[in-house]
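Shown next, in structure tokens, is the structure this report addresses.
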Amino acid sequence: MSAPMPPGPPRHRGGGTRETRRLVAFVDASAFYCSCERLFRPDLRGEPVVVLSNNDGCVIARSAEAKALGVAMGAPYFQVRERLERAGVWVFSSNYALYHDLSDRLLRVLDRFSPDVERYSIDEAFLGLRADPWDPDEPARLETLAREIREAVWRATRIPVRVAIAETKTLAKVGSEFVRHAPVPCVCFWRHPARDAVLESLPVEDVWGVGPRWAKRLRLAGAGTAAGLAAMDDGDIRRGYNVVLLRTTLELRGVSCLPLSEAPPPRRSLVRSRMFGEPLTDPALIGKAVAMHAAAAARMLRRESLAASAVETFVTTGRHARPVHHGRAVTELPSATNDTLAIVRAARSLVGPALATGHGGAPRYKKAGVMLTGLGPAGQSQGSLFTAPVRERPELMEAMDRIARRFGRAAVVPAAQGTPDELRAVHAGRSPAWGMRRDFLSPRYTTVWAEIPTVRLGDPARLGAEAEGVSPRSGPCRRTA
DNA sequence: TCTGGGGTCCTAGGACCC
DNA sequence: TCTGGGGTCCTAGGACCC
């Protein structure tokens with residue numbers, strides 16, 4: 001597949017404006033969580049760093065140095081712990097307050113380069129760009145632009161990013177993989193001379209949108225590479241797979257099927273759940289966890305000015321237990337609401353039914369959660385002719401939210417969540433039975449006054465351009481070399 | 001011998017993403 | 001002992017309706 005030259009001579013539209021080609025830039029921070037942890041710990045540059053999932057369950061981010069040591073993505077921490085300790089790897093619990101804040105700062109830099117920015121995830125974004133297809137210098141200009149984006153992000157956030165430009169999102173993702181190990185990981189993949197070769201050597205499972213299941217089937221069908229998938233028959237894909245894979249295939253051929261979406265589509269559901277620190281069977285303890293998740297979910301609703309019309313409570317033993325057990329129970333609310341007390345009450349009333357669903361013995365539950373569905377804009381509930389609507393207390397909710405913002409989330413909560421001592425333990429990262437393990441949590445450097453790093457003014461020699469003088473309170477992250 | 005046809009809504013499960 | 005959390009979309013199948 002060589003890059004097609006534009007057909008015919010340059011065409012001009014009314015007003016003499018030359019037609020332009022829509023392109024997309026993909027900006028991707030590699031090992032984003034590790035970069036965030038290093039930002040305030042410059043002493044960790046060049047050191048192997050990993051970040052663990054919630055509950056310190058498994059490895060979800062690895063610095064290049066940690067990858068070189070062979071630490072696998074998704075590896076359960078208890079399995080790799082000894083190896084990490086022997087190798088002197090720095091281990092952090094995930095600190096989402098920090099990561100979300102830095103992600104917001106990164107996005108603000110990207111806004112300077114395009115009016116069309118889609119935030120795809122906490123560490124990835126797409127930018128809409130335009131190119132002149134008749135100017136032979138365009139690819140070179142775009143590659144320079146890619147470098148400028150990377151440099152601007154680095155200057156503003158000290159987060160390293162890769163930048164790849166192509167005609168579709170999927171091709172831009174391929175381009176980003178192509179430059180993953182380049183000294184300056186920026187590329188214009190549109191009309192890039194190496195593109196065909198890259199697609200021919202890229203395993204099909206590394207294509208965005210192709211997971212392990214489909215990759216296996218595609219291999220059996222003789223399409224083991226990105227180029228192989230792109231060459232498949234549309235009808236075969238539609239019949240044998242689905243339209244999602246067909247879109248991916250077209251995108252690999254340079255046909256854009258996944259438009260930029262600047263405004264995220266309205267949220268349809270909201271889930272709040274966590275593993276317990278240890279397995280639970282006691283419905284009373286599970287009820288406290290459910291109350292905590294329900295209150296958190298209601299707070300998220302209010303922050304997004306949404307209201308929910310149904311509540312689901314679920315419990316699970318997790319995938320690894322034998323026998324596996326999932327329990328769930330759902331209830332419709334009399335009217336859509338985001339009232340914490342109404343949602344907590346509904347969620348708690350479902351704990352018993354969820355635990356009772358379809359099992360004999362008493363499973364050792366590892367996780368509970370609350371899902372809110374039927375979301376819509378707050379304050380538009382029609383209620384029903386035949387049932388009284390939920391009693392709403394907007395002034396009370398506003399007061400609770402303000403207290404929480406000022407004094408912390410544990411300051412005022414429904415009594416169903418447990419005693420003040422238990423709550424303090426949860427928020428300190430210690431574990432009452434239903435709390436989360438976060439043994440290696442770094443400070444919330446950028447979002448909590450008490451945890452902002454301090455700079456020693458008496459030691460100017462250490463205040464280099466790389467902020468070596470920043471002296472964070474030493475975090476509890478572990479390094480046992 | 002033979003068992004309408006089409007529509008909607010809901011749910012569960014599968015596949016994918018980060 | 002110890003294996004994350006939060007999403008979306010698509011499809012198949014059942015219930016129900018006319």
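In what follows, every chain begins at residue 1, and chains take the letters A, B, ... in the order their sequences are listed.
Atom pair A/F314:CZ and B/dG13:C1' shows a separation of 16 Å (rounding to whole Å applied). Atom CZ in A/R247 sits roughly 8 Å away from atom C1' in C/dC9 (whole-Å rounding). Counting to the nearest Å, the P atom of C/dG5 and the CG atom of A/D56 are 11 Å from each other. Atoms CD (A/E304) and P (C/dG7) sit 8 Å apart, rounded to a whole Å. Between the NE2 atom of A/H326 and the P atom of C/dG5 there is a distance of 14 Å, rounded to whole Å. Across the protein-nucleic acid pair, A/L280 atom CG and C/dT1 atom P stand 18 Å apart, rounded to whole Å. A straight line from CG of A/L245 to C1' of B/dC17 spans 14 Å, rounded to a whole angstrom. Following rounding to the nearest Å, A/M275 (CE) and C/dT1 (P) show an atom-to-atom distance of 15 Å.
Annotation: of the two residues near DNA chain C, A/N242 and A/K366, the 5′-most nearest-nucleotide partner is A/K366. Nearest-nucleotide mapping onto DNA chain C: of A/S269 and A/Y96, the residue sitting toward the 5' end is A/Y96.
Residue A/R238 is classed as a sugar-phosphate contact, given heavy-atom separations below 4.0 Å to backbone atoms only. The residue A/L52 sits apart from the nucleic acid: no heavy atom pair falls under 4.0 Å. Among the atoms of the strands shown, none is found under 4.0 Å from any heavy atom of A/P264. Using a 4.0 Å heavy-atom criterion, one finds that A/V207 contacts the sugar-phosphate atoms exclusively. Among the heavy atoms of the strands, none lies under 4.0 Å from A/Y241.
Phosphate contact (OP1/OP2 of B/dA15, side-chain N/O of A/K216, threshold under 4.0 Å): absent.
Across C/dT3, B/dC16, B/dC18, the shortest atom-to-atom separation from the side chain of A/W214 is found for B/dC16.
A donor-acceptor pair shorter than 3.5 Å cannot be found between the side chains of A/T225 and A/E200.
Contact annotation: the side chain of A/L39 never approaches that of A/Y445 to less than 4.5 Å [non-hydrogen atoms, C-beta and beyond]. Taking the side chain as every heavy atom from C-beta outward, A/F314 and A/H326 never approach each other to under 4.5 Å.
By the 30° and 60° cut-offs, the orientation of the rings of A/H100 relative to A/Y96 is tilted.
Base-pair partner of C/dC18: B/dG5 (Watson-Crick or G-U wobble, both distances under 3.5 Å).
Taking the six-membered ring wherever Trp is involved, the centroid distance between the rings of A/W208 and A/Y120 falls below 6.0 Å.
Here, B/dC2 and C/dC18 have their C1' atoms 24 Å apart, quoted to the whole Å.
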